[in-house]
Amino acid sequence: MALSLDLKRSIWQVVASIPVGRVATYGQIASMAGQPGRARWVGRLLSELPQATTLPWHRVVNASGQITNPHALIQIQRNASGQITNPHALIQIQRLALEGIKVNNARLSLKQHQWQP
DNA sequence: CCTATGACCATAG
DNA sequence: CCTATGGCCATAG
């Protein structure tokens with residue numbers, strides 16, 4: 001079944017409504033958008049977001065509370081002068097930290113932070 | 001049509 | 001905690 005723009009919009013809407021300081025899982029978002037079983041598709045949709053998006057994609061993790069966004073897992077690299085070579089390193093972890101969510105080894109506590117409407 | 005590939009998930013050991 | 005397994009489902013070739 002081809003996926004319409006409407007279905008994409010319903011996913012985006014749910015992601016946009018995750019409160020600050022809370023997180024949601026891929027499967028949770030799919031279900032809340034009325035599309036249970038499409039967790040993988042949620043991940044792909046987020047991977048296609050423009051870099052300048054205002055959508056809080058950093059509040060989405062997998063069912064184990066782990067960050068699986070490869071861009072967020074890039075290690076910080078520095079040149080000989082000590083300057084960061086890769087500005088995109090650890091974006092997701094940094095944004096979550098700003099919202100008061102601790103991440104250790106790419107893992108956070110769903111028990112404490114999962115969004116439960 | 002078939003296979004391969006994911007920012008996934010639940011379960012079993 | 002970890003790995004392995006089978007299922008999931010849209011897309012790409």
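Lettering follows sequence order; numbering is per chain, from 1.
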Nucleotide B:dC8, atom C1' - distance to CG of A:Leu110 in whole Å | 13 Å

Please figure out whether A:Arg44 or A:Val61 has its closest DNA chain B nucleotide nearer the 5' end.
-> A:Arg44

Which whole-number value in Å describes the distance from A:Tyr26 OH to C:dA10 P?
-> 18 Å

Give the rounded distance in Å between these two atoms: CD1 of A:Ile29 and P of C:dC9.
-> 18 Å

Just to confirm, is there a sub-4.0 Å distance from OP1 or OP2 of B:dG6 to any side-chain nitrogen or oxygen of A:Ser47?
-> no

Send over the distance from A:Trp41 CH2 to C:dG7 P, rounded to a whole Å.
-> 24 Å

Where the side chain of A:Gln66 meets the backbone of A:Leu108, is there a donor-acceptor pair that is under 3.5 Å apart?
-> no

Separation of C:dA10 P from A:Glu48 CD (nearest whole Å) = 14 Å

note: A:Leu3, atom CG; C:dA12, atom P; distance rounded to Å ~ 11 Å

Does a donor on one side chain sit under 3.5 Å from an acceptor on the other, for A:Gln92 and A:His71?
-> no

Base-pairing mate for C:dT11 - Watson-Crick or G-U, with both contacts under 3.5 Å | B:dA4

Gap in Å between the two C1' atoms, one belonging to C:dA12 and one to B:dC1, rounded = 14 Å

Rounded interatomic separation in angstrom, taking CG from A:Asn62 and P from B:dC8 | 6 Å

Which pair of non-hydrogen atoms, one from A:Leu49 and one from A:Trp12, has the smallest distance, and what is that distance?
-> CD2-NE1, 4.1 Å

Give a yes or no on whether a salt bridge exists between A:Glu99 and A:Arg59, defined as a side-chain N under 4.0 angstrom from a carboxylate O.
-> yes

If you measure from CH2 on A:Trp41 to NZ on A:Lys8, what distance do you get to the nearest 0.5 Å?
-> 6.5 Å

State which of B:dC9, C:dC1, C:dC9 makes the closest approach to the side chain of A:Arg40.
-> C:dC9

Could you check which of C:dC1, C:dA10, B:dA10 has an atom nearest any side-chain atom of A:Ala63?
-> B:dA10

Nearest-Å distance once atom C1' is located in both B:dG6 and C:dG7 | 14 Å

N/O (side chain, A:Arg38) to phosphate O (OP1/OP2, C:dA10) under 4.0 Å | yes

Take atom C1' in C:dG13 and the same atom in B:dA7, then report the distance between them in whole Å.
-> 22 Å

May I have the distance from A:Leu7 (atom CG) to C:dC9 (atom C1'), rounded to whole angstrom?
-> 13 Å

